[in-house]
Number of protein chains: 2
Amino acid sequence: MVLGVGDVYKALADPTRRAILDELAERDEQTLFELCARLISKHDLASSRQAVSQHLDVLEDAGLVTTRREGRYKFHHLDRRPLQRLAGRWLQLSEDREDHRDQCPGR
Amino acid sequence: MVLGVGDVYKALADPTRRAILDELAERDEQTLFELCARLISKHDLASSRQAVSQHLDVLEDAGLVTTRREGRYKFHHLDRRPLQRLAGRWLQLSEDREDHRDQCPGR
DNA sequence: TTGACATGCAAGCAGCTCCTTGCCTATGGT
DNA sequence: ACCATAGGCAAGGAGCTGCTTGCATGTCAA
């Protein structure tokens, strides 16, 4: 599936997903169940396993999270690169700025 | 109305609103009709006046746009400060990082 | 004052988002 | 083999989002 930059913005639009990113930033390579437990205990978020799993799918589609299977465990890794690209889109807007605008790589 | 940081993320989640920010970044203090015209001609977006107006409301609620009335004209100004606050939330995550996490200023 | 212009307000609607529910697959331990 | 564990898949629904439609308000020029 080919993805655009817009998916990153949409992925960041949900507070639960941002909390997941916070969690992975603090402790990388967590499994789904670990994330669920820590979201509850540290972020006061009562999200079901399926809900968190779907959020992780969105984050993975946006390229913000990559996964690695190991036996029956699946570890989630935070990839900061998509964030770096859009971090300063409207900030350093000098004459020689790069083009941050949305584009559709597919089609 | 008291707003949280999350509203900024939600405001950025829509491609039309990002195009509006692009437009205001390139040429500040535009009116609603100017923005409509330039969105069509420069960004290939066929948004109605009402649609753009509602997007501007969202951006203003998020603190990304401030307005100034002058007669029958209303000029829109891009405020980059909310962007600066959340730009590097997951980027410079060293031990002495500031807390970027979502919070609810109201209540 | 009359009319054109710039904007505001609100109801309604299609589509999407987030979540739940229920069941399924697969791996590892005993 | 058996069971517990970790995760996957898919349908359904409540609520939100973005847009349209129609009308109202307010400003300026003639």
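Numbers restart at 1 for each chain; the letters A, B, ... are given by sequence-line order, proteins then strands.
Separating the CG atom of A:Leu32 from the P atom of C:dT25 is a distance of 19 Å, rounded to the nearest angstrom. Taking atom NZ on A:Lys10 and atom P on D:dT17, their separation rounds to 12 Å, with Å as the unit. Going from atom CG of B:Asp57 over to atom P of D:dT17 covers 14 Å, rounded to whole Å. When the P atom of C:dC19 is taken as reference, atom CZ of A:Arg17 falls 8 Å away, rounded to whole Å. Distance CG (B:Leu59) to C1' (D:dT17): 14 Å, rounded to an integer number of Å. Distance CG (B:Asp14) to P (C:dC16): 13 Å, rounded to an integer number of Å. In this structure, CG of A:Asp61 is placed 14 Å from C1' of C:dT17, rounded to the nearest angstrom. When the P atom of C:dT27 is taken as reference, atom CZ of A:Phe33 falls 16 Å away, rounded to whole Å.
Proximity note for B:Gln50 (side chain, C-beta onward) versus C:dC9, C:dT7, C:dT17: the nearest is C:dC9. Closest to the B:Ala51 side chain, of the nucleotides C:dT20, D:dT20, D:dG7, is D:dT20. For A:Arg49, the listed nucleotide lying nearest its side chain is D:dG8; candidates were D:dG22, D:dT17, D:dG8.
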Can you give the donor-acceptor pairs under 3.5 Å from side chains of residues 48-57 of chain B to other protein atoms, not counting sequence neighbours?
from: B:Ser48; atom 1: OG; to: B:Ala51; atom 2: N; distance (Å): 3.1
from: B:His55; atom 1: ND1; to: B:Arg17; atom 2: NH1; distance (Å): 3.1

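Contact between the side-chain N/O atoms of A:Ser53 and the OP1/OP2 oxygens of D:dG8 is found at a separation under 4.0 Å. Proximity of B:His55 to the phosphate of D:dC19: a side-chain N or O atom is located under 4.0 Å from OP1 or OP2.
DNA chain C lies under 4.0 Å from at least one heavy atom of each of the following residues of residues 69-77 of chain A: A:Gly71, A:Arg72.
Across A:Ala25 and B:Trp90, no two heavy atoms sit closer than the pair CB-CD1, 4.2 Å. Here the closest heavy-atom approach between residue A:Ala13 and residue B:Ala13 is recorded as CB-CB, 3.7 Å. Minimum interatomic distance between A:Glu34 and A:Glu29 (heavy atoms only, all atoms of both residues): OE1-O, 4.4 Å.
Atom CZ of B:Arg81 is surrounded by 12 or fewer heavy atoms from other residues, nucleotides or ligands within 6.0 Å.
Comparing A:Ser48 and B:Gln54 along DNA chain C, the residue whose closest nucleotide (by nearest heavy atom) sits nearer the 5' end is B:Gln54.
Under the 4.5 Å side-chain heavy-atom criterion for Ile, Leu, Val, Met, Phe, Trp and Tyr, B:Val58 and B:Leu24 are members of distinct hydrophobic clusters.
Screening B:Arg38, B:His76, B:Arg18 for a side chain to side chain donor-acceptor pair (under 3.5 Å) involving B:Glu23 leaves a single residue, B:Arg38.
Heavy atoms of A:Thr31 sit under 4.0 angstrom from primed sugar atoms or phosphate atoms, though from no base atom.
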